[in-house]
Amino acid sequence: MKSRSLAAAMALAACASLTGGASALAAEEASFFLGGSIEARPFARLYAPEGLAFDSAEYGSASTLSLDLDARGPNARAYASLEASLLNGAAAGDAWAAAGLASAGVLDAGGLLMAPAYDLSAAGDPPPTLFQARVRSLYVKLDRDWISLIAGRQVIKYQRGALWSPTDVYTELDLSGMSPVRRGADALRLSFPLGATGAFDMVAAPSASMEEGRYSARLSGMLLGIDAAALAYRDGRPGSALSGSWSAGAAIGADLGLGIDAEILASWPDSGEAWLRAALGADYSIGRLVLAAEYYYNGGGPAADAAAPGAHNAYAALSWAALDLASFAASGTIGFSERSWSSALSASISAAQNAQIAVYARLSRAGESLPTGLEAGASLTVIF
Amino acid sequence: MKRCAISLMLAALAAALAAQAPSAQAILEKVDRNQSFKSIAYSGRMEITVGGETRYKTMDASAMGSDKAFVEFTNPEDRGIRYLKLGKDLWIYFPKEQDTVKISGHLLKDGMMGSDVSYEDALESQDFAEKYSAAIKGEETLDGRKCYVLELASKTPKAAYDRRVIWIDAERYIGLKEEMYAKSGKMLKESRTLEVTKVGDRWFVSKSEVVSKLRANTKTVFALTKIALDAAVDSKKFTMSALTK
């Protein structure tokens, strides 16, 4: 009932504040932009049941066309980010598995899968080739001096830390590509600017019913050089990690030569015990070298965070812009409780104007009794 | 006869004084009248050459004094990436991820988007007379133009460089060549003016070449178009809400 009231209040506030916006917009100069990219990414995966004795392999490739459409006026914006991919081999298998999980309500594949002459509803091996279409973002935004409203599919990012961010409650990552991509949430977002650096932000992401939606209010700004935020969050989705829970969180970040950030989120499920999640991170740069490290405590177990189910986790990363047109990165995570780990190396180079080549390798093990996986691949991206 | 000779001598002395170069401080003030601004808005294009490879980046930028600046990149690779500078704080907005990242103040001295031009070079009003004390090193002819060679020493930590040597066009009072030095005496950058534009009633450097001496085989040609000096800039542009708009 409280959730419904919050959503209704937000909608009313939006209507009231934006009345008259259309006439102002008509008089203003508009701009339109269409751009995008094409990326081709072949990769190989090796598996070792024990140690590094790899005894099986699979291969795949993904070719993706991304299109961004952006129409802007000083007080309004419409934006769409669309993606179409041809997936082969292991890439098709990944999408197939994600779609299977989606039907079970665990993971939202966030796309449309098509395989001509193949029965997608049939159980069994994935088709060797899949066509996948995804809507990454599709929203309209209206701005007045003291308020802005975004409605539609949008990325809502509250993250402060480098990897783990307990207060980044709307983020779901798509891990199918070379690097994680944030999935958009279908939501209504109202933001009230407070001075030059502050904002009061309210989000409503209703689901099948108002009770099953997600709702939040967040206050953020800079105080005495410290970047601070406080969050209240309600998650009513059935079957989700924070299903039927209220949460309250805070985040701070400061630059003391050493960049420091800290976040904490306490959650109270409608039934069951409360839990706490917290992250503490630091980053430092020496010339072209950037170092980052983070500790993450997950007191809610797999239900609170399936990607880092153990209580104690650590992350370290290094990025180095060694050459003017090339950069290198290395990172590693450890889950101390379940003895999981992962490491990644990547390099990218600007091959030509608007063209990037990247290579990467990831070595990981999700748990003590699970096989070790090695994935290596390359990508060529042309931006237009 | 004696009175007449004295009068002639005084007249000659006055003429000589008039023909003498103005003081360093006077030159600096004339340069400031051309290039310092309360606000600026422009479209920029950077051609960054590394080895034999050249990449370009385009942007729309606006700034108020030394404290507030806003940049939006418009080339395909970086389209929609925005910078907001408030004092010594700098935020970068990445549109694809709808992500805002705050970066440390010392990065203001780094090259903007991998170029040889720092954020301070591109976005701050120079205000030489306020930040530097000056001395005339001499006069030279550069590209066929008579120049005063001035040596500037910083008198405030707000100054972007500890020492600068500038070849100033004696007629138009703009820098045609400049060397920027660190406290250690090491040359950090060298710049050459390639084009000068008249904006209203003043001369303004609209195209320059900057070479960072800390990088090997690089140079950046920075060209400004649609320059508007001291025009009204909406102060709401320099806010976090404008950054993510």
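All values reported here derive from a predicted model rather than from experimental measurement. Below, read A as the first sequence line, B as the second, and so on, with proteins coming before strands; counting in each chain starts at 1. Below, all heavy atoms of this structure are taken into account, side chains as well, without hydrogens, waters or symmetry copies.
- Counting non-hydrogen atoms of other residues, nucleotides and ligands closer than 6.0 Å to NZ of A:K157 gives a total above 12.
- When heavy atoms are compared at a cutoff of 4.5 Å, A:A321 does not approach chain B at all.
- Between A:I383 and B:P76, the closest heavy-atom pair is CG2-O, 3.5 Å.
- Highest contact tally toward chain B, considering only A:G253, A:S137, A:A352, is held by A:A352 [criterion: heavy-atom pairs under 4.5 Å].
- Using a 4.5 Å cut-off between heavy atoms, A:Q154 touches chain B through backbone and side chain atoms alike.
- Within 6.0 Å of CH2 in B:W203 there are more than 12 heavy atoms belonging to other residues, nucleotides or ligands.
- In this structure, the separation between CG on A:L194 and OG on B:S241 is 9.5 Å, given to the nearest 0.5 Å.
- The distance from the CD atom of B:E77 to the CZ atom of A:F384 is 13.0 Å, given to the nearest 0.5 Å.
- Using a 4.5 Å heavy-atom threshold, the side chains of A:T197 and B:W91 count as touching.
- The part of A:A351 that comes within reach of chain B is its backbone (N, CA, C, O), which places non-hydrogen atoms under 4.5 angstrom from that chain.
- Put simply, CD1 on A:I150 and OG1 on B:T244 are 7.0 Å apart, with the number rounded to the nearest 0.5 Å.
- Heavy atoms of B:S235 lying under 4.5 Å from chain A are absent altogether.
- Using a 4.5 Å heavy-atom cutoff, the side chains of B:E53 and A:Q353 are not in contact.
- Proximity to chain B (any heavy atom under 4.5 Å) is shown, for A:D70, by neither the backbone nor the side chain.
- For a residue to count as touching a neighbouring chain, one of its non-hydrogen atoms must lie under 4.5 Å from one of that chain's; by this rule A:T381 does not touch chain B.
- In B:D234, the CG atom is crowded: over 12 heavy atoms of neighbouring residues, nucleotides or ligands sit closer than 6.0 Å.
- Other residues, nucleotides and ligands contribute only 12 or fewer heavy atoms inside 6.0 Å of the OH atom of A:Y284.
- B:R55 is listed as a side-chain neighbour of A:L325, based on a closest heavy-atom distance under 4.5 Å.
- Looking at B:M240 and A:P193, their side chains never come closer than 4.5 Å, going by heavy atoms from C-beta outward.
- Remark: B:K219 NZ is loosely packed, at most 12 non-hydrogen atoms of other residues, nucleotides or ligands lying under 6.0 Å away.
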